Protein chains: 2
Amino acid sequence: MINGSIPDIIVGRLPRYLQALQRMHQEGRHTTSSKELGDRLGYTAAQIRKDLSQFGEFGKQGTGYSIPFLIGQLQTILKVDRMWDILLVGAGSLGHAIANYNGFANRGFRIALIVDNDPNKIGTKIANFVVQDASQVKALLFGSGIKIAMLTVPASNAQAVAEELTNAGIKAILNYAPVPLSLPKGIHVEYIDPLIQLQHMTYYID
Amino acid sequence: MINGSIPDIIVGRLPRYLQALQRMHQEGRHTTSSKELGDRLGYTAAQIRKDLSQFGEFGKQGTGYSIPFLIGQLQTILKVDRMWDILLVGAGSLGHAIANYNGFANRGFRIALIVDNDPNKIGTKIANFVVQDASQVKALLFGSGIKIAMLTVPASNAQAVAEELTNAGIKAILNYAPVPLSLPKGIHVEYIDPLIQLQHMTYYID
DNA sequence: CATTGTGAACGGGTTCACAGCA
DNA sequence: TGCTGTGAACCCGTTCACAATG
């Protein structure tokens with residue numbers, strides 16, 4: 001393990017490894033192998049070993065990997081050994097569903113602030129939060145330490161809102177709006193768009 | 001264009017091309033080029049030309065691509081030149097958000113049936129649908145022509161439910177539960193898991 | 001003896017570069 | 001001139017295969 005720049009495709013698999021390991025841990029397991037982990041996730045054993053070897057030597061020959069140890073290592077690598085506060089932009093039905101989802105906390109995340117630009121929504125309560133005015137987002141974020149946003153606004157506003165967020169210091173955006181965002185280098189964007197995935201699958205169905 | 005088996009990674013980009021083209025169409029545009037399309041989506045012009053060339057010769061030298069024509073071609077290739085009925089499994093808050101989302105129809109999909117296994121939810125109404133009993137799913141699907149399911153059930157049930165769906169004739173599953181599904185060859189699965197994507201991004205943030 | 005870590009071989013997707021054509 | 005379609009070159013991620021070791 002002598003590396004500065006890890007391929008993004010490898011980084012993208014680490015959360016899946018972590019998820020599977022946490023599940024094994026819940027099942028009371030203590031040890032696993034690259035083979036078993038690969039079988040669960042649909043990867044080859046060699047790939048898992050090669051991926052992990054980019055970050056260190058975490059296994060033992062003949063034995064495999066200690067599950068709790070590897071969980072700890074991956075949490076450190078992915079920086080989810082801490083709690084990340086998240087800004088939720090958009091208090092529509094999807095925003096509601098996200099705000100009410102209780103699976104974030106044990107994975108390193110928590111919704112910390114909800115904003116919307118609809119006067120009818122500002123001031124209403126969602127899951128213990130009062131919806132704040134989106135136009136004040138820069139002031140609301142100032143000093144908050146929030147660096148991640150989830151975007152659930154209409155497609156037509158997404159680019160403009162994303163630019164405001166960038167301007168307000170946000171460094172990563174999980175974009176639920178069905179539009180590609182064009183933002184400065186250094187801002188990380190991931191997309192969630194069920195229609196893209198549905199259309200991918202229909203190609204294969206008769 | 002002489003091809004039987006297109007790489008899946010190319011198929012996965014086609015819905016994005018289609019989405020961008022539809023947006024251009026809404027903007028009143030008639031023609032585009034591989035360069036412009038690539039700029040919108042973050043791909044190189046060469047890649048877009050090469051991808052499209054797998055399916056035919058859709059462009060004109062010197063001019064580019066006719067937007068309505070290319071939209072039609074991609075819709076045919078992806079089989080979204082028809083309407084696909086979808087089964088929604090799980091009537092929790094995420095299921096509600098999905099059922100109330102009105103962006104499916106103009107992209108080739110519509111929710112046709114909602115089921116849940118919670119007696120308190122069965123019989124309630126969501127977005128004009130009465131929630132049906134999940135245990136009857138095979139009978140409900142029989143003769144319906146529904147081949148696609150969206151899964152918004154707890155992680156602990158997801159594998160078992162997915163197997164039932166497979167058994168009931170479902171061919172494609174969009175899985176919102178944070179677990180990898182293990183299903184027979186020929187069943188297509190796509191995953192949506194915001195935590196995986198958040199943990200991917202935190203790797204890059206300080 | 002089971003299983004890791006890894007250099008080397010392999011494979012396939014991306015980019016290049018240019019002929020061809022409107 | 002502008003832009004497509006595509007063979008060839010290139011690049012990079014995956015798989016192989018085996019020495020190393022608890």
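Lettering follows sequence order; numbering is per chain, from 1. None of the values given here were measured: they were computed from a predicted structure.
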Distance, rounded to the nearest Å, where [X] contributes [atom1] and [N] contributes [atom2]:
X: Q54(B); N: dG12(C); atom1: CD; atom2: P; value: 14 Å
X: L52(B); N: dG13(C); atom1: CG; atom2: C1'; value: 16 Å
X: I6(A); N: dT14(D); atom1: CD1; atom2: P; value: 13 Å
X: K35(A); N: dG5(C); atom1: NZ; atom2: P; value: 17 Å
X: F69(A); N: dT4(C); atom1: CZ; atom2: C1'; value: 14 Å
X: D8(B); N: dG11(C); atom1: CG; atom2: P; value: 20 Å
X: E57(A); N: dA20(D); atom1: CD; atom2: P; value: 14 Å

Is any side-chain heavy atom of I98(B) closer than 4.5 Å to one of Y101(B)? no
| field | side-chain N/O S33(B) vs dC3(D) OP1/OP2, d < 4.0 Å | value | no
Exercise for the section: Check the pair R49(A), E57(A) against salt bridge (Lys or Arg N to Asp or Glu O under 4.0 Å), reporting the backbone distance first and the verdict last. Expected result: CA-CA 9 Å; R49(A) 293 202 302 278; E57(A) 307 199 354; over 6 Å; no
(request) Answer yes or no: is there a donor N or O on one side and an acceptor on the other, between the side chain of N100(A) and the main chain of H96(A), under 3.5 Å? (result) yes
Could you tell me whether a side-chain N or O of T202(B) sits under 3.5 Å from a main-chain N or O of V80(A), the two making a donor and an acceptor?
no
Residue pairs meeting salt bridge (charged side-chain N to carboxylate O under 4.0 Å, His left out), one or both in residues 104-115 of chain B, sequence neighbours left out, come to D85(B)-R110(B)
Per-nt protein contacts along nucleotides 14-22 of chain C (heavy atom under 4.0 Å; B base, S backbone sugar-phosphate only, - none) come out as SB-B--BBS
### Task
State whether Y65(A) and K60(A) meet the cation-pi test: NZ (Lys) or CZ (Arg) under 6.0 Å from the six-membered ring centroid, and within 45° of the perpendicular axis.
no
